[in-house]
Protein chains: 2
Amino acid sequence: MQFKKSVLLAVLATTTFSAPLWSAESVDLLIKDATVLTMDNSKTLYHHGVVAIKGNKIFAVGDASLAAQFDAKKVLDVQGDIVMPGLINTHTHVSMTVLRSLADDVPDRLHRYIFPLENKLITRDMVRIGANLGNVEMLRGGVTTYADMYYFEDEVAKTVDQIGMRAVLGETVIKFPVADAKNAEEGINYALRFIEEYKDHPRITPAFAPHAPYTNTTEVLQRVAELSKEKNVPVLIHLAESHTEQEKIAERADGKSPVQYMHDIGALNDHLVGAHMILVDDHDIELVKESGMGVAHNMSANIKSAKGVSPALKMYDEGVRIGLGTDGPMSGNNLSTIAEFGQVAKVHKLVNQDRAAMPPIKVIDMATMGAAKALHMEDRVGSLEVGKLADIIVVDTKAPHMVPMYNPYSALVYSAYPSDVRHSIVDGKILMEDKKILTVDEAAIIKEAVEYTQIVRDTVIANGDEVL
Amino acid sequence: MQFKKSVLLAVLATTTFSAPLWSAESVDLLIKDATVLTMDNSKTLYHHGVVAIKGNKIFAVGDASLAAQFDAKKVLDVQGDIVMPGLINTHTHVSMTVLRSLADDVPDRLHRYIFPLENKLITRDMVRIGANLGNVEMLRGGVTTYADMYYFEDEVAKTVDQIGMRAVLGETVIKFPVADAKNAEEGINYALRFIEEYKDHPRITPAFAPHAPYTNTTEVLQRVAELSKEKNVPVLIHLAESHTEQEKIAERADGKSPVQYMHDIGALNDHLVGAHMILVDDHDIELVKESGMGVAHNMSANIKSAKGVSPALKMYDEGVRIGLGTDGPMSGNNLSTIAEFGQVAKVHKLVNQDRAAMPPIKVIDMATMGAAKALHMEDRVGSLEVGKLADIIVVDTKAPHMVPMYNPYSALVYSAYPSDVRHSIVDGKILMEDKKILTVDEAAIIKEAVEYTQIVRDTVIANGDEVL
């Protein structure tokens with residue numbers, strides 16, 4: 001299943017474009033002298049390579065000889081820097097940036113601390129302020145597409161539209177009363193209105209986000225599954241994340257695992273994107289693979305909460321659609337998957353007791369094409385190939401920690417910081433150039449977020465908790 | 001035991017300095033409007049705080065009211081940024097920067113790949129070029145003191161002297177022929193000459209660096225231990241790092257653990273700094289604690305190599321002198337311990353199955369005072385206290401990923417990048433201001449390192465290996 005067939009490209013060439021030699025082809029943007037990591041099926045790499053962009057699409061990718069074939073309105077000579085597909089963050093709650101660094105270590109954090117805090121705090125303003133802040137953080141960190149699960153997602157959508165990024169935005173469906181719905185039915189109705197409003201947006205894919213199996217009834221999960229097929233939209237869910245969930249689902253469904261349960265009720269399909277997927281066994285992985293569902297692997301959040309390590313490497317190796325995510329900024333706490341790279345590589349080596357497990361190139365694949373597959377968007381983004389949408393980042397390789405660069409995948413995974421991203425391009429448009437965000441007023445966004453923290457502090461204290 | 005008693009301060013006050021109100025006291029540097037993490041015993045934190053520096057020492061630390069008492073030659077108004085002790089990297093091989101991103105995942109890496117490569121590559125030039133590159137990386141990442149183990153350490157010393165950082169430099173002693181010594185005896189003699197040359201340097205502490213117990217004889221380890229007492233210098237060693245080492249020492253010493261063996265031969269003492277210490281049991285930890293030795297905890301390198309997780313949290317909680325290190329850039333691969341913070345917190349949570357284990361404040365303690373204790377330098381560095389040496393960093397808190405900052409320890413551990421360091425001060429001197437290195441020509445250093453990579457590539461290929 002592919003969402004938004006309407007924006008599918010007419011031509012998807014697998015070979016490098018070759019223009020006639022007698023006349024220069026006009027393009028909008030030419031990136032040259034790049035270490036191009038295409039992340040195509042063959043993992044083609046060009047030294048001193050070229051990427052040409054026309055409109056919102058990639059027009060050509062190849063070696064240095066290509067440059068002379070184009071007459072470009074704008075040229076980025078990146079002098080050896082890494083040029084790669086924009087990163088895709090498969091799971092976050094972007095608006096929670098305004099709560100970052102609060103109560104990282106409290107016990108029973110979700111139910112005892114976060115839900116009560118959110119019940120008092122979440123408004124359209126909070127969602128907008130937090131999303132604006134998270135968007136600039138992600139764009140700075142090379143994330144060009146993200147998948148979000150939260151409330152008032154139409155507010156998030158406005159911020160994404162404004163900054164120019166790409167996103168899959170899932171409106172929450174949950175059985176408890178929340179800020180934008182009294183119950184799951186109201187959540188579904190909210191989501192339906194949101195889907196109707198954004199179904200034709202070129203960069204925003206509206207979605208359902210049932211919070212988790214254990215926070216929704218079987219009937220609601222089935223209804224969402226049906227509606228997602230009818231509307232052709234994704235379903236984002238937290239799945240197989242915790243022992244609490246495992247126990248509650250086992251109780252509800254004759255000892256079944258969360259994945260088995262979702263399969264048996266007809267909700268495991270190629271519209272679904274499951275976040276975390278820590279507690280999955282080999283049989284679950286088979287079901288996941290057969291279903292065509294996507295998986296969001298959030299290493300930082302999973303180990304910070306001591307929940308465990310997802311068998312993400314095994315899923316990847318078995319062909320599951322799996323990509324990296326950061327989880328929300330109260331969990332992760334960073335929103336650029338570059339901050340995940342090293343941990344993903346190293347923790348999988350550790351748990352597999354094998355230094356050769358999870359080599360850098362697999363991590364980069366999970367951050368790009370894997371993540372595109374997880375969100376069912378691989379026909380449009382995730383690699384630098386002719387005809388794909390021009391979501392591209394340029395990573396500085398000149399800072400001392402990136403020198404030398406015998407292996408660019410290794411440099412990215414083990415050495416790069418999110419702040420090494422120099423340019424971020426989405427849909428052919430440069431949204432950040434030389435680390436300056438061009439489409440929104442970053443200083444005003446940060447100022448508004450800082451001012452909002454007073455409301456958060458007051459609410460935390462009113463809830464009987466402390467700050468710091 | 002404290003090295004370099006000669007530079008010990010005459011006055012070590014534990015309370016905030018209070019100048020007479022009737023006249024402004026002249027100081028060299030005043031940092032104001034800072035979120036000051038003193039990392040003193042009480043973990044005193046000042047919002048809008050002040051640090052005053054006179055000569056190479058901290059003259060006053062306190063709240064905003066202090067500022068008016070001083071007449072400063074230079075003022076850094078940091079507008080709420082974090083001001084904290086300079087980071088101390090307790091273990092690295094700085095010159096190996098020129099080999100970074102090579103062969104991260106090859107099996108039997110040390111003996112099959114690295115030693116043969118080093119045998120061909122290591123020259124005074126290589127050591128100097130690599131150290132220069134690593135120094136600027138560390139200074140950019142807030143490391144003001146580091147402990148190094150390598151060859152031609154007098155070359156490293158020259159680079160440290162030039163950039164103005166602080167370092168403990170350990171000259172290698174190993175039984176194999178290496179670039180600067182044919183055998184251990186020659187290594188000892190090299191070290192003795194180096195110690196003689198640098199024993200009075202204000203910022204450089206020369207040291208012995210026996211590579212590991214299994215790569216040296218008992219006699220050599222004992223001789224180094226004796227000489228270290230005689231010369232009053234540290235001994236840096238890799239200890240309890242791998243199963244190979246464990247087996248070889250067990251074979252040599254009636255099944256003893258590496259720590260027990262070192263204890264029994266009289267080499268476990270308060271001059272020693274052991275790197276890694278992964279394979280230590282409760283009895284070993286008792287011996288370590290009683291000996292007064294220091295421990296360098298290198299999470300990234302240890303999990304990247306799938307060697308395991310040191311019980312560093314247990315050692316810390318039991319009062320062992322333990323601090324963070326990065327290991328060398330072929331192992332880590334970053335040289336700023338800021339890149340370690342999140343992993344240290346999260347992996348200890350994971351292995352302890354407890355999200356409350358290793359809270360951010362412990363990580364910051366291990367990066368500062370813990371690391372100072374590990375290197376036996378806590379009387380001079382590691383915290384911001386009156387009379388201590390002025391090794392101080394300022395961390396930018398304005399970038400979107402650092403906003404908001406309800407808890408500065410959490411922001412540092414879970415959100416900060418090494419590139420967030422704005423100013424680095426060593427010995428009262430600003431070495432990096434607004435991310436510009438002031439004491440060396442960074443561009444020339446990077447250029448020389450990049451040029452040197454051709455020699456590395458040629459040598460790798462000559463050894464029958466591939467690059468990338």
Side-chain angles (χ1 to χ4, degrees), chain A residues 97-98 100-102 104-105 107 109 133-134 136-137 140-141 300 303-306 308-309 332-336 339 342-343 345-347 349-350 352-357 359-360 398-401 403-407 410-411 414-415 417-420 442 445-446 449-450 453 456-457 467-468, chain B residues 97-98 100-102 104-105 107 109 133-134 136-137 140-141 300 303-306 308-309 332-336 339 342-343 345-347 349-350 352-357 359-360 398-401 403-407 410-411 414-415 417-420 442 445-446 449-450 453 456-457 467-468:
Chain A
T97 46
V98 291
R100 171 163 44 204
S101 91
L102 271 180
D104 284 299
D105 300 320
R109 192 162 178 259
L133 179 62
V136 292
E137 180 189 347
R140 286 199 165 279
S300 279
I303 64 178
K304 179 169 169 244
S305 59
V309 178
N333 302 4
N334 263 304
L335 292 180
S336 167
Q343 293 176 90
K346 287 177 263 189
V347 175
K349 290 170 189 300
L350 175 70
N352 286 281
Q353 298 183 283
D354 176 8
R355 85 170 299 144
K398 315 296 196 308
H401 64 282
V403 174
M405 193 175 67
Y406 303 105
N407 180 329
S410 169
Y414 297 126
S415 303
Y417 317 142
S419 52
D420 291 322
E442 185 180 21
I445 283 170
I446 291 172
V450 170
T453 60
V456 176
R457 284 176 199 273
V467 177
L468 180 67
Chain B
T97 45
V98 292
R100 171 164 42 206
S101 90
L102 270 181
D104 284 300
D105 301 320
R109 194 163 177 257
L133 179 61
V136 293
E137 180 189 346
R140 286 198 164 279
S300 279
I303 63 178
K304 179 170 168 242
S305 59
V309 178
N333 303 3
N334 262 304
L335 291 179
S336 167
Q343 292 175 92
K346 286 177 263 187
V347 175
K349 289 171 189 298
L350 175 70
N352 286 281
Q353 298 183 286
D354 176 8
R355 85 171 299 144
K398 315 295 195 311
H401 64 282
V403 174
M405 191 175 69
Y406 302 105
N407 181 329
S410 168
Y414 297 126
S415 302
Y417 318 141
S419 52
D420 290 323
E442 184 180 19
I445 283 170
I446 291 172
V450 170
T453 60
V456 176
R457 283 175 199 274
V467 177
L468 180 67

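In what follows, chains carry the letters A, B, and so on, assigned in the order in which the sequence lines appear, proteins first and then strands, with residues in each chain numbered from 1.
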Quick one: closest heavy-atom pair of [X] and [Y], and the distance?
X	Y	result
B:Pro404	A:Thr453	CB-CG2, 3.2 Å
A:Asn334	B:Tyr414	ND2-O, 3.4 Å
A:Gly308	B:Leu350	CA-CD1, 3.7 Å

Taking atom [atom1] of [X] and atom [atom2] of [Y], what is their separation to the nearest 0.5 Å?
X	Y	atom1	atom2	result
B:His401	A:Ser419	NE2	OG	6.5 Å
B:Arg355	A:Ile303	CZ	CD1	12.0 Å
A:Leu102	B:Ser410	CG	OG	8.5 Å

Structural part of [X] lying under 4.5 Å from a heavy atom of chain B:
X	result
A:Ala356	both
A:Arg140	side chain
A:Leu335	neither
A:Asp104	both

Query raised in the report: Which one, B:Gly332, B:Pro359, B:Pro418, leads in non-hydrogen pairs under 4.5 Å with chain A?
Result: B:Pro418

Requested in this report: Name the option with the most non-hydrogen atom pairs under 4.5 Å to chain A; the candidates are B:Ala411, B:Ser300, B:Ala339.
Outcome: B:Ser300

Which of [options] touches chain B most, by non-hydrogen pairs under 4.5 Å:
options	answer
A:Glu442, A:Glu137, A:Lys304	A:Lys304
A:Met405, A:Arg457, A:Gln353	A:Arg457
A:Val456, A:Val136, A:Ile445	A:Val456

Report task. Could you give me the CA-CA distance, side-chain angles and deciding distance for B:Thr97 and A:Val403, then say whether side chain to side chain contact (heavy atoms under 4.5 Å, CB included) is met? Result -> CA-CA 8 Å; B:Thr97 45; A:Val403 174; over 6 Å; no

Requested in this report: Please assess B:Arg100 against A:Ser415 for the test side chain to side chain contact (heavy atoms under 4.5 Å, CB included), listing each intermediate value before the final yes or no.
Outcome: CA-CA 9 Å; B:Arg100 171 164 42 206; A:Ser415 303; 3.6 Å; yes

